[in-house]
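If you're wondering where the values come from, they're calculated on a predicted model, not measured in any experiment. Below, each value reflects all heavy atoms present in this structure, side chains not excepted, and no hydrogens, waters or symmetry copies.
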Amino acid sequence: MGATAYALRTPEEIPVAIEPGPVELSTGRLLFVDDASGKVASVPLSSPDGPRRVSSLSCKRFFTAAKQGLCLADRGGPFPGSVAIFVDQSLTETHRIDVAGVPNRVKLSPDGRMASWTTFVTGDSYAQTGAFSTRTGIYDRETLLYQSNLENLRVPGMKRAEDRNYWGVTFTEDDHTYYATLSTGGKTHLIKADTTDNFAKPLRENAECPSLSPDGKRVAFKKRVPGDGARPWRQHVLDLSTMVETPLAETRGIDDQVVWLDNDTIAYGLPGEGIWAVQANGEGAPRQLVPRASSPSLVTG
């Protein structure tokens with residue numbers, strides 16, 4: 001594999017091993033954003049704390065599905081902006097879309113057809129409900145239909161309000177159904193929506209940043225709990241058939257849209273702490289997967 005290099009951000013930090021080689025969307029590799037460089041990197045899931053490969057693609061958030069990738073990056077210019085960059089298996093750009101706001105969340109459907117991203121248009125934190133404004137778009141890579149903002153969703157039982165915000169889309173396998181967060185009136189709601197009729201159904205209050213399990217039976221989400229004012233959340237998993245929720249063993253405030261490594265494990269980023277994993281049944285203890293990293297995503301298929 002050649003010589004292994006070591007990168008140090010500050011003298012007190014543990015060195016991170018870097019190995020030469022291309023970063024590709026190969027099955028069994030964990031993709032993430034390298035903290036030191038801000039670029040997409042990867043490690044084998046079988047040895048996530050080992051040497052990493054670092055690409056030349058700079059992203060704030062990255063996600064992969066069906067060996068395709070979506071990078072949400074800062075867009076240069078006098079005003080804050082983002083760019084959604086679609087890449088192929090070798091991380092070569094195939095298409096891009098300019099987006100207003102600061103990068104925040106990004107997701108692809110399981111087959112890579114549907115894409116979604118969320119940006120902050122004003123404000124920069126979910127911690128204070130109502131003190132921010134988001135913009136969430138959905139893009140169909142097959143039909144090229146682009147819905148730049150979900151503000152026109154019809155939600156029965158909820159009056160249309162100027163303070164509505166949507167974020168954190170997660171798709172089902174059918175490429176038109178998705179779950180997301182709706183915030184209005186100082187409360188957040190888990191909604192289930194459909195791109196074909198622009199209709200959404202509220203499912204649960206106090207649920208943010210959903211992530212659907214590979215088998216489509218559960219949703220991981222962050223729930224507001226008393227505690228840290230900066231990150232006042234705890235991760236839970238909701239069984240969609242029984243609507244019973246389970247708090248996970250990770251008790252630190254996680255401000256992330258987690259990813260599922262399999263039907264039993266979720267992974268997430270902690271600022272300054274790297275990428276961690278925890279069991280989805282509420283048992284066990286959190287364990288660190290990758291230091292100096294964020295925005296995890298697993299290549300499958």
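- Using a 4.5 Å heavy-atom threshold, the side chains of Arg61 and Asp256 count as touching.
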Verdict with supporting geometry, Val169 and Thr136, side-chain contact (heavy atoms from CB on, under 4.5 Å) = CA-CA 8 Å; Val169 167; Thr136 295; 3.8 Å; yes
Test Lys223 against Arg234 for side-chain contact (heavy atoms from CB on, under 4.5 Å), laying out the working first.
-> CA-CA 5 Å; Lys223 178 178 181 177; Arg234 183 171 178 181; 5.7 Å; no
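- The hydrophobic cluster around Val40 extends to Val23, Leu25, Leu31, Val33, Leu57, Phe62, Val83, Ile85, Val87, Leu91, Val299, counting ILVMFWY residues whose side-chain heavy atoms fall within less than 4.5 Å of a member.
- Side-chain atoms of Arg141 and Gln68 form a donor-acceptor pair, as typed in the model, at a separation below 3.5 Å.
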List the steps, then state whether side-chain contact (heavy atoms from CB on, under 4.5 Å) holds for Lys67 with Thr300.
-> CA-CA 7 Å; Lys67 296 183 180 179; Thr300 59; over 6 Å; no
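- The side-chain heavy atoms of Pro44 and Leu30, taken from C-beta on, include no pair separated by under 4.5 Å.
- Interatomic distance, Gln279 CD to Ile266 CD1, rounded to the nearest 0.5 Å: 11.0 Å.
- Ring centers of Tyr166 and His189: at least 6.0 Å apart, outside the cut-off.
- Counting heavy atoms from C-beta outward, Pro51 and Ile18 have side chains that stay 4.5 Å or more apart.
- To the nearest 0.5 Å, atom NE2 of residue His176 and atom CZ of residue Arg113 are 9.5 Å apart.
- Although no hydrogens or angles enter the test, the distance criterion places no donor-acceptor pair under 3.5 Å between the side chain of Thr119 and the main chain of Val121.
- Residues Asp88 and Thr94 bring no donor and acceptor atom of their side chains to less than 3.5 Å of each other.
- Of all the heavy atoms in Ala65 and Phe63, the pair that sits closest is CB-CE2, 4.2 Å.
- A distance of 10.0 Å separates NZ in Lys222 from CD1 in Ile254, rounded to the nearest 0.5 Å.
- Between Glu208 and Trp233, the side chains place a donor N or O and an acceptor N or O closer than 3.5 Å (distance only, hydrogens not considered).
- Within the 3.5 Å criterion, the main-chain N or O of Glu93 finds no donor-acceptor partner in the side chain of His95.
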Begin from the C-alpha positions of Lys107 and Thr170 and carry the test side chain to side chain donor-acceptor pair (under 3.5 Å) through to its verdict.
-> CA-CA 7 Å; Lys107 207 79 165 179; Thr170 182; 4.7 Å; no
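- Classification of Asp255 and Arg105 as a salt-bridged pair holds, one side-chain N sitting under 4.0 Å from a carboxylate O.
- Put simply, the side chain of Ser116 gets close to the backbone of Gly137: a donor and an acceptor are under 3.5 Å apart.
- The hydrophobic cluster containing Leu190, built from Ile/Leu/Val/Met/Phe/Trp/Tyr side-chain heavy atoms closer than 4.5 Å, also comprises Tyr179, Leu203, Leu212, Val219, Phe221, Leu238, Leu240, Met243.
- A donor-acceptor pair under 3.5 Å is formed between the side chain of Asn198 and the backbone N or O of Asn152.
- Using a 4.5 Å cut-off between side-chain heavy atoms of Ile, Leu, Val, Met, Phe, Trp and Tyr, with links allowed through other members, Val290 and Val258 fall into different hydrophobic clusters.
- Of the possible donor and acceptor atoms, none in the side chain of Trp276 sits under 3.5 Å from a partner among the backbone N and O of Leu289.
- Under the 4.5 Å side-chain criterion, counting only non-hydrogen atoms from C-beta, Ile191 is not in contact with Lys201.
- The two residues Asp35 and Ala293 make their nearest non-hydrogen contact at OD2-N, 3.2 Å.
- In this structure, Arg135 is not positioned above the aromatic face of Trp117 in the sense of NZ or CZ being under 6.0 Å from the six-membered ring centre and within 45° of the axis.
- A donor-acceptor pair under 3.5 Å is formed between the side chain of Ser297 and the backbone N or O of Thr64.
- Both Ile138 and Val155 are assigned to one and the same hydrophobic cluster, defined by single-linkage of ILVMFWY side chains at heavy-atom distances under 4.5 Å.
- Under the 4.5 Å side-chain heavy-atom criterion for grouping Ile, Leu, Val, Met, Phe, Trp and Tyr, Leu150 is connected to Leu182 within one hydrophobic cluster.
- Closest approach of Phe199 to Pro156, counting heavy atoms only: CE1-CG, 3.2 Å.
- Tracing side-chain contacts under 4.5 Å through hydrophobic residues (I, L, V, M, F, W, Y), one never reaches Leu145 starting from Phe171; they form parts of separate clusters.
- Residues Arg29 and Ser42 share a closest heavy-atom pair of NE-OG, 2.9 Å.
- When only modelled atom types and interatomic distance are considered, Thr134 and Asn165 share a side-chain donor-acceptor pair under 3.5 Å.
- The closest side-chain heavy-atom distance from Phe32 to Val43 is below 4.5 Å.
- Side chains of Pro286 and Tyr268 form a contact here, defined as non-hydrogen atoms less than 4.5 Å apart.
- Interatomic distance, CD of Glu250 versus CZ of Arg287, reported as 12.5 Å (0.5 Å rounding).
- In plain terms, the two heavy atoms of Trp260 and Ser211 that are nearest each other are NE1-O, 2.8 Å.
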Would you be so kind as to tabulate the donor-acceptor pairs closer than 3.5 Å made by side chains of residues 69-82, with sequence neighbours excluded?
| unit_1 | atom_1 | unit_2 | atom_2 | d |
| --- | --- | --- | --- | --- |
| Arg75 | NH1 | Ser82 | O | 2.9 |
| Arg75 | NH1 | Val99 | O | 2.9 |
| Ser82 | OG | Gly101 | O | 2.6 |

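- Linking ILVMFWY residues whenever their side-chain heavy atoms come closer than 4.5 Å, directly or via other members, leaves Val237 and Val244 in distinct clusters.
- A salt bridge between Arg53 and Glu24 is absent, with no side-chain N of the basic residue lying under 4.0 Å from a carboxylate O of the acidic one.
- Here Asp175 contributes atom CG and Ser109 contributes atom OG; the two are 4.0 Å apart, rounded to the nearest 0.5 Å.
- When all heavy atoms of Thr177 and Lys192 are compared, the pair lying nearest together is CG2-CE, 3.6 Å.
- With respect to the salt-bridge test (charged N to carboxylate O, under 4.0 angstrom), the residues Asp34 and Arg292 do not qualify.
- Put simply, the side chain of Asn281 does not reach to within 4.5 Å of the side chain of Thr246, judged on heavy atoms.
- Checked by atom type and distance alone, the side chain of Arg224 never pairs as donor or acceptor with a backbone atom of Lys187 at under 3.5 Å.
- A distance of 8.0 Å separates OG of Ser241 from NZ of Lys217, quoted to the nearest 0.5 Å.
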